[in-house]
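This report refers to the structure that appears directly beneath it.
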Amino acid sequence: MHIFAQGYILMKKKLYIETYGCQMNVADSEVIFSILGKDGYERTTNMDEADVILANTCSVRDNAEQRIWGRLEVFCKQKEARPNVAVGIVGCMAERLKDKLIETGKVDIVAGPDTYRSLPEMLRNLAPERPQINVLLSKEENYSEIIPVRTDKNGVSAFVTIMRGCNNVCSYCVVPYTRGAERSRDPETILEEVSDVVGKGYKEVTLLGQNVDSYHWKNADKDVDFPDLLEMVAMLNPSLRVRFATNHPKDISDKLIEAMARHRNICHHIHLPVQSGSNRLLEKMRRRYTREWYMERVRKIREVMPDCGLTTDVIAGFCSETEEDHQQTLSIFREAGFDYAYMFQYSERPGTLAARNYPDDVPPEIKTRRLNEIIELQGQLSLESNRRDVGKTFEVLVEGPSKRNQDELCGRTGSDKMCVFPGLGHSAGDFVNVQITSCTSATLIGKIV
Ligand code: SAH
Ligand code: SF4
Ligand code: F3S
């Protein structure tokens, strides 16, 4: 039995976390399970039995935050039924809204992304009428030596954070404010974590950072950039699949592209967010590349790795976007022929450069119409891309039964396309060669050969 300050007596300390936002948050929730695990908490996936309910949140767009407000009502119902339950908002929304969350009277714990080591203490100090908040951003915190508790379902694919924060200040983006300054993690600790993952039987790691191309670790005896790190990870174990995200078009180097081509176990997939096809808007977004630069990088990638999957992010309806700008976005999509895209409407985030300097002046119905046009075009491009793969054979890492049809398996190609196929005695974690026989715009369909 563990006794918190009066009023919070927990028989069994069960911790439930809901994770929203990007893969970095998934990795952070695993760090939180590890930190609180050492303090006696047990992970649960059943909110009804949780003593502590945390939401690891995202602020990147307003609808991400609205979703959390909705969840908070659900958590409050748990508190009504079981008054000793503690409810916490952690992550980017905690960092952005700070004590405004406490002022709602619905939240006991508010913890920013760099404060997770203080969660045990915050929970100990918690008492009725004494909510706990810590939103300090750090220049150093990397949770370096903490081995995360893996929470994925199938034990096949793990995330490893290699850096935190972002120094880029794209004008629309809240991430630099919620995650703070960029810092890279000691490559030794990254390699240790990857070894741990391999030891636990994982077959794939994804190295994570907001802009992995600016990874840089330098001390008296080491000077390691991202291509160096990637090769070190790839060479640790040639049968481990290695992925990474996200790259920034202004920074992605020939050295990286060539390193990817050199190692069989580095997946040929690059997520290269374009955001817009209009040079005028790219400038206004402070992306610091042009459309021509972006397309030159795409050509370089395809020249070195013709089989490389290329995916992107795009924002429709950024401040002052004209029909002409929008047409430029559609045309760069056609020119680049993306395999897949994450497509968003611009959502003004308070405090960002864009919110301070440019009116959010594209009417919502026009944003929606332009977004729908991009979605429709990308649907065709994905279908064309998948059709080009029919007849080819790919190495696929089995993730488990297909969601649609439990008799079939699913898994991804190196280029990051989802494949479904009859299983024939295989299971999660196996590498199989799959010949593609047909496709939809979302999935390759094939058979093991
Ligand atoms: N670090 C990554 C992206 C992080 S956020 C990068 O630089 O590419 C993920 C995506 O959310 C962004 O690529 C962008 O497309 C989108 N996004 C960020 N801020 C947004 C906003 N204010 N409105 C709409 N989409 C946004
Ligand atoms: Fe945001 Fe730009 Fe940093 Fe990506 S690179 S996280 S879009 S500021
Ligand atoms: Fe969202 Fe924070 Fe990730 S704002 S996208 S959870 S870094």
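Indexing begins at 1, ligand by ligand and atom by atom, following the structure's order. Nothing fancy with the numbering, it's 1 onward along the sequence. Just the heavy atoms: all of them, side chains too, but no hydrogens, waters or symmetry mates, feed the values below.
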Note every protein N or O atom lying under 3.5 Å from an N or O atom of ligand 1, pairing the names and giving the distance.
from     : atom 1 : to   : atom 2 : distance (Å)
ligand 1 : 1 (N)  : Q210 : O      : 2.9
ligand 1 : 1 (N)  : Q210 : OE1    : 2.7
ligand 1 : 7 (O)  : R287 : NH1    : 3.4
ligand 1 : 11 (O) : R61  : NH1    : 3.0
ligand 1 : 13 (O) : Q275 : NE2    : 2.8
ligand 1 : 13 (O) : D313 : OD2    : 2.6
ligand 1 : 15 (O) : Q275 : OE1    : 2.7
ligand 1 : 17 (N) : R61  : NH1    : 3.4
ligand 1 : 22 (N) : Y172 : O      : 3.0
ligand 1 : 22 (N) : S347 : O      : 2.7
ligand 1 : 23 (N) : S347 : N      : 3.0
ligand 1 : 25 (N) : R61  : NH1    : 3.3

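Ligand 2 does not have R286 within reach: every non-hydrogen atom of the residue lies 4.0 Å or more from it. Distances from ligand 3 to the non-hydrogen atoms of R179 include at least one value under 4.0 Å.
Of all protein heavy atoms, the one closest to atom 1 (Fe) of ligand 3 is C58 SG, 2.3 Å. The closest protein non-hydrogen atom to atom 6 (S) of ligand 3 is N25 ND2, 3.3 Å. Of all protein heavy atoms, the one lying nearest to atom 3 (Fe) of ligand 3 is C22 SG, 2.3 Å. When hydrogens are left out, the protein atom nearest atom 4 (S) of ligand 3 is S59 N, 3.3 Å; that is the closest non-hydrogen contact. With hydrogens left out, the protein atom closest to atom 2 (Fe) of ligand 3 is C92 SG, 2.2 Å, a heavy atom.
S382 and Q378 share a donor-acceptor pair across their side chains, judged by distance under 3.5 Å alone. A donor-acceptor contact closer than 3.5 angstrom is absent between the side chains of T206 and Q23.
Remark: K250 is not positioned above the aromatic ring of Y289, lacking an NZ or CZ atom under 6.0 angstrom from the ring centre and at most 45 degrees off the axis.
Below the 2.8 Å limit, atom 3 (Fe) of ligand 2 has as protein N, O or S neighbours C166 SG.
Considering E365, H326, Q327, E323 as possible partners of R370, the one that fulfils the side chain to side chain donor-acceptor pair (under 3.5 Å) test is E323.
Those atoms of ligand 2 that come under 4.0 Å of a heavy atom in Y172, given as number and element, are 7 (S).
Side-chain atoms of R185 come within 3.5 Å of backbone atoms of S144 as a donor-acceptor pair (strictly under, hydrogens ignored).
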